[in-house]
*Asks:* 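Take a look at the following structure, please.
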Amino acid sequence: MTNCLLNSAAEVFGKISGVLTSKIALIVYAAIVLILLIVLVVRIAFNEQNRVSELKRWREARRENEKREDVNDLKNELNKKMEAIDFKVSSVISGLEEGIALSEVTPMAGGDGKEKDEEEREEREEEQTEGPLEEGGSRFYMLTEIDKSYENYERPEYNENIGLRELCEEFRKFSAGELKLYYDIEDIRRFIGAMAVTKLIILQGMSGTGKTSLAYAFGEFLRNKTVVVPIQPMWKERTDLVGYYNEFTKKFNETTLLYKMYEANYNEEIYVTVLDEMNIARVEYYFAEFLSLLEIPNPDGRNLDVVADRREDDPKLLQKNGKLRLPTNMWFVGTANNDDSTFSISDKVYDRAMVLNLDKKATPFEAEGSSMKISSTHLTELMEKAQREYEISDRNVRRIKKLDEYMIKTFHITFGNRIMKQIRSYVPVLVGCGGTEEEALDDILSRKVFRKLESKNPVYVKQMAEGLCGYLDELFGEDKLPLCKETVRLIEQNV
């Protein structure tokens with residue numbers, strides 16, 4: 001009996017062992033393990049998500065606390081400034097009553113003193129912000145002081161005999177002899193020629209080629225210091241350039257540019273304003289109103305908004321509608337760098353400006369020269385005279401027309417009325433400065449027309465580059481337009 005039970009138990013155990021070691025059993029085991037792994041992975045993922053959510057909530061709470069601390073810091077700083085204003089009001093008012101001379105306020109100049117001039121400008125703006133709160137005083141302190149200084153103004157003696165060619169040569173010699181700044185005569189001619197075309201000139205090139213110093217040297221040559229306005233990355237509107245009305249102090253925060261624009265309306269000096277690193281902010285934003293005004297043919301219609309209305313004690317040259325006439329004797333010179341820290345300049349700006357590329361340093365040379373006073377009236381007369389005497393030839397007009405037809409057919413690029421007007425203004429003045437008509441055409445076509453190829457399909461431009469350069473040689477003569485061909489070749493190489 002006992003043996004039978006043992007045999008039965010052994011048989012049952014054998015069957016169970018066979019089932020447990022069968023293929024089906026192994027599949028079941030694998031499925032169970034897989035399910036356990038899936039459950040484990042899901043649990044780990046769920047825990048990680050909870051951890052990330054908790055970390056995110058912690059960071060948001062931390063940022064909120066930091067914001068609250070920043071607000072509290074700003075409140076404390078504002079309270080300190082309010083206390084400082086209360087303390088300084090009496091001393092500022094007494095200082096004004098004693099007659100603070102405006103001549104002590106030095107406008108920003110170029111060159112090595114740029115940082116010092118910027119500090120002085122900030123100090124003046126701070127004085128206006130914290131300054132006079134007396135009733136009855138003009139909201140434009142600096143501009144009304146200009147009115148006073150010009151009450152007994154006498155026109156200085158200007159050099160009325162100098163011509164365009166002599167002007168370029170004397171400026172170049174003065175820069176080299178007095179300032180140790182060296183420029184090729186071609187770049188000087190292009191700079192003066194650009195002034196005949198537009199009030200906005202853009203200087204491009206590598207750092208150290210003398211973009212800012214060229215405009216600075218021209219102001220020193222004319223004995224009227226160049227104003228350098230360092231553009232700030234956050235600038236977005238014209239108030240960043242000309243200032244704004246402060247509701248707290250009831251005064252207008254006047255900038256150096258506004259000061260010089262107002263002063264320029266009183267005299268015939270040639271004013272040069274440098275927009276330093278102009279594309280570190282979007283030119284189309286902060287300079288938009290200037291771009292629109294400079295397009296108006298009649299200078300009397302170029303009136304810049306300053307305030308909403310005019311008060312009885314406002315500066316004399318401020319119009320009834322609170323506008324200020326944009327002076328005809330002021331030129332804006334923008335310096336532009338092309339790197340990761342700057343914005344690209346749009347076609348809207350390029351089309352309205354004259355572009356000069358300063359790609360290399362000139363060879364130093366010995367020269368002696370002296371500065372001289374030249375009126376903007378005389379400079380304008382010289383340019384108009386050159387445009388009459390050296391009017392572009394009919395032959396080159398026909399060539400330009402054929403080139404226009406070729407560019408429209410091949411690249412869908414046209415000259416347009418604006419570019420043709422600029423060509424007719426620029427070429428004669430460059431000839432009057434000592435250049436040739438072909439040099440002038442080569443320069444302005446490369447900057448105004450062939451630059452537009454950069455916006456076209458680069459592969460297509462590369463395919464058509466050889467034919468375009470051949471057509472230029474056929475139309476104008478072999479190698480008569482080297483700058484235009486160089487522009488095309490550079491675009492071709494960059495593909």
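Residue numbers start at 1 and run along the sequence shown. Everything quoted here is computed from the prediction, not taken from an experiment.
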*Asks:* Any chance CG of Asn152 has more than 12 other-residue heavy atoms, nucleotides or ligands included, within less than 6.0 Å?
*Replies:*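 Incorrect, the count does not exceed 12.
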*Asks:* State which residues pass salt bridge (Lys or Arg N to Asp or Glu O under 4.0 Å) with Asp309; sequence neighbours excluded, sorted by chain then number.
*Replies:*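 In terms of salt bridge (Lys or Arg N to Asp or Glu O under 4.0 Å), with neighbours along the sequence ignored, Asp309 is linked to Arg139.
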*Asks:* Indicate every side-chain donor-acceptor pair of residues 416-423 with a distance under 3.5 Å to a residue at least two apart or in another chain.
*Replies:*
| unit_1 | atom_1 | unit_2 | atom_2 | d |
| --- | --- | --- | --- | --- |
| Arg418 | NH2 | Glu295 | OE1 | 2.9 |
| Gln422 | OE1 | Lys448 | NZ | 3.3 |
| Gln422 | NE2 | Asp351 | O | 3.0 |

*Asks:* Report the relative orientation of the aromatic rings in Phe411 and Tyr460; use parallel for angles under 30°, tilted for 30 to 60°, perpendicular for over 60°.
*Replies:*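 Judged by the thresholds at 30° and 60°, the geometry between Phe411 and Tyr460 is perpendicular.
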*Asks:* If you measure only the distance, is there a donor-acceptor pair under 3.5 Å linking the side chains of Ser376 and Glu268?
*Replies:*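 No donor-acceptor contact under 3.5 Å links the two side chains.
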*Asks:* Indicate yes or no: at least one non-hydrogen side-chain atom of Leu326 is less than 4.5 angstrom from one of Asn303.
*Replies:*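 Not touching, per the 4.5 Å side-chain cut-off.
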*Asks:* Thr414: what forms a side-chain hydrogen bond (donor to acceptor under 3.5 Å, both in side chains) with it, not counting sequence neighbours?
*Replies:*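 Asp404.
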*Asks:* Using a 6.0 Å cut-off, check whether atom NZ of Lys452 has over 12 heavy atoms from anything other than its own residue.
*Replies:*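 More than 12 heavy atoms, drawn from other residues, nucleotides or ligands, come within 6.0 Å of this atom.
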*Asks:* Just so I know, are the side chains of Leu453 and Thr487 near enough to count as touching, which here means a heavy-atom distance under 4.5 Å?
*Replies:*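 A side-chain contact under 4.5 Å is absent here.
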*Asks:* Once salt bridge (charged side-chain N to carboxylate O under 4.0 Å, His left out) is applied, what residue pairs with a partner in residues 182-208 remain, sequence neighbours excluded?
*Replies:*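 Every salt bridge (charged side-chain N to carboxylate O under 4.0 Å, His left out) pair that includes a residue of residues 182-208, provided the two are not neighbours, is Asp187-Arg190, Arg190-Asp443.
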*Asks:* Does Arg447 make a cation-pi contact with Tyr350, if we ask for NZ or CZ under 6.0 Å from the ring centre and within 45° of the axis?
*Replies:*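 Not flagged: Arg447 not positioned over aromatic ring of Tyr350.
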*Asks:* Pair Arg302, Arg325 - check side-chain contact (heavy atoms from CB on, under 4.5 Å), show working.
*Replies:* CA-CA 6 Å; Arg302 302 171 188 169; Arg325 180 174 178 265; 5.9 Å; no
*Asks:* When the ring centroid of Phe218 is compared with that of Phe171, is the distance short of 6.0 Å?
*Replies:*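 Centroid separation for Phe218 and Phe171: below 6.0 Å.
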*Asks:* Around atom CZ of Arg489, are there more than 12 heavy atoms from other residues, nucleotides or ligands closer than 6.0 Å?
*Replies:*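 It does: Arg489 CZ has more than 12 such atoms within range.
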*Asks:* For a quick test of reading the model, state the closest non-hydrogen atom pair linking Cys484 to Asp442 and the distance between them.
*Replies:*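 For Cys484 and Asp442, the tightest heavy-atom pair comes out as N-OD1, 3.0 Å.
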*Asks:* Can you list the residues that meet the side chain to side chain contact (heavy atoms under 4.5 Å, CB included) rule with Thr342, with sequence neighbours excluded?
*Replies:*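 Expected list: Asn279, Asp339.
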*Asks:* Measuring only between side-chain heavy atoms, which start at C-beta, is Val349 closer than 4.5 Å to Ile202?
*Replies:*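 Heavy-atom side-chain distance check passes, below 4.5 Å.
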*Asks:* Between Glu220 and Ser371, is there a side-chain donor-acceptor contact under 3.5 Å, judged purely by atom types and distance?
*Replies:*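 The criterion, which ignores hydrogens and geometry beyond distance, is not satisfied for Glu220 and Ser371.
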*Asks:* Counting only heavy atoms not in Arg155 (residues, nucleotides, ligands), do more than 12 fall under 6.0 Å from its CZ?
*Replies:*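 Counting other residues, nucleotides and ligands, CZ of Arg155 exceeds 12 neighbours.
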*Asks:* Would you say that Phe450 contacts Leu481 through its side chain, given a criterion of any heavy-atom pair below 4.5 Å between the two side chains?
*Replies:*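 No. Closest side-chain heavy atoms not under 4.5 Å.
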*Asks:* Taking atom types as modelled and ignoring hydrogens, do the side chains of Tyr183 and Ser213 form a donor-acceptor contact shorter than 3.5 angstrom?
*Replies:*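 Judged by distance alone, the side chains do pair up.
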*Asks:* For residues Ile491 and Pro458, determine if any side-chain heavy atom of one lies less than 4.5 Å from a side-chain heavy atom of the other.
*Replies:*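 Counting from C-beta outward, Ile491 and Pro458 never come under 4.5 Å.
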*Asks:* In chain order, what residues pass the side chain to side chain contact (heavy atoms under 4.5 Å, CB included) check against Leu379, with sequence neighbours excluded?
*Replies:*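 Listed in chain order: Leu164, Leu167, Met195, Ile270, Trp331, Met383.
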*Asks:* With sequence neighbours left out, what residues match Tyr271 under side-chain hydrogen bond (donor to acceptor under 3.5 Å, both in side chains)?
*Replies:*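 Tyr271 satisfies side-chain hydrogen bond (donor to acceptor under 3.5 Å, both in side chains) with Glu263, Asn267 only.
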*Asks:* Between the side chain of Ser375 and the main-chain N/O of Tyr158, is any donor-acceptor distance below 3.5 Å?
*Replies:*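 Side chain of Ser375 to backbone of Tyr158: no pair is present.
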*Asks:* Would you confirm whether His378, through its side chain, and Ile162, through its main-chain N or O, come within 3.5 Å as a donor-acceptor pair?
*Replies:*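 Present.
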*Asks:* Would the number of heavy atoms belonging to other residues, nucleotides or ligands and lying under 6.0 Å from NZ of Lys348 be above 12?
*Replies:*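 Yes, because the 6.0 Å sphere around NZ of Lys348 holds more than 12 heavy atoms from other groups.
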*Asks:* Any side-chain heavy-atom pair from Leu214 and Leu358 closer than 4.5 angstrom?
*Replies:*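 SC-SC contact between Leu214 and Leu358 confirmed.
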*Asks:* Looking at side-chain heavy atoms only, is the closest gap between Pro315 and Phe252 below 4.5 Å?
*Replies:*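 No, their side chains stay 4.5 Å or more apart.
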*Asks:* Test of understanding: with ring pair (Phe, Tyr, Trp, His ring centres under 6.0 Å), list the residues that count as partners of Tyr245, not counting sequence neighbours.
*Replies:*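 By the ring pair (Phe, Tyr, Trp, His ring centres under 6.0 Å) rule, Tyr245 matches no residue at all.
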*Asks:* Using atom types as modelled and distance alone, determine if a side-chain donor or acceptor of Glu254 lies under 3.5 Å from a backbone N or O of Leu143.
*Replies:*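 At least one qualifying donor-acceptor pair exists.
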*Asks:* Could you work out, with side chain to side chain contact (heavy atoms under 4.5 Å, CB included) as the rule, every residue matching Lys148, not counting sequence neighbours?
*Replies:*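 Residues passing side chain to side chain contact (heavy atoms under 4.5 Å, CB included) with Lys148: Glu145, Glu151.
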*Asks:* Can you give the donor-acceptor pairs under 3.5 Å from side chains of residues 282-294 to other protein atoms, not counting sequence neighbours?
*Replies:*
| unit_1 | atom_1 | unit_2 | atom_2 | d |
| --- | --- | --- | --- | --- |
| Glu284 | OE2 | Ser346 | N | 3.2 |
| Glu284 | OE2 | Ser346 | OG | 2.6 |
| Tyr286 | OH | Met278 | O | 2.7 |
| Glu289 | OE1 | Arg238 | NE | 2.8 |
| Glu289 | OE2 | Asp305 | N | 3.2 |
| Ser292 | OG | Ala288 | O | 3.3 |

*Asks:* Mind checking what makes side-chain hydrogen bond (donor to acceptor under 3.5 Å, both in side chains) contact with Arg399, not counting sequence neighbours?
*Replies:*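 In terms of side-chain hydrogen bond (donor to acceptor under 3.5 Å, both in side chains), with neighbours along the sequence ignored, Arg399 is linked to Asn396.
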*Asks:* Can you measure from OG (Ser446) to CG (Leu441) and round to the nearest 0.5 angstrom?
*Replies:*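 Going from OG on Ser446 over to CG on Leu441, the span is 10.5 Å.
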*Asks:* Check this for me: does any side-chain nitrogen of one of Lys173 and Glu170 sit under 4.0 Å from a carboxylate oxygen of the other?
*Replies:*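 Glu170 and Lys173: salt-bridged.
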*Asks:* Is the shortest heavy-atom distance from the side chain of Val272 to the side chain of Tyr216 under 4.5 Å?
*Replies:*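 The answer is no; the side chains never approach within 4.5 Å.
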*Asks:* Any idea which heavy atoms bring Tyr262 and Leu318 closest together, and the distance?
*Replies:*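 For Tyr262 versus Leu318, the nearest heavy atoms are CE1-N, 4.2 Å.
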*Asks:* Whether Arg388 and Glu391 form a salt bridge (side-chain N of Lys/Arg under 4.0 Å from carboxylate O of Asp/Glu) is what I want to check.
*Replies:*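 So Glu391 does not pair with Arg388 through a salt bridge.
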*Asks:* Is it true that Lys373 and Glu157 have a side-chain N and a carboxylate O under 4.0 angstrom from each other?
*Replies:*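 No, Lys373 and Glu157 are not salt-bridged.
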*Asks:* According to side-chain hydrogen bond (donor to acceptor under 3.5 Å, both in side chains), who are the partners of Asn357, at least two apart in sequence or on a separate chain?
*Replies:*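 By the side-chain hydrogen bond (donor to acceptor under 3.5 Å, both in side chains) rule, Asn357 matches Gln204.
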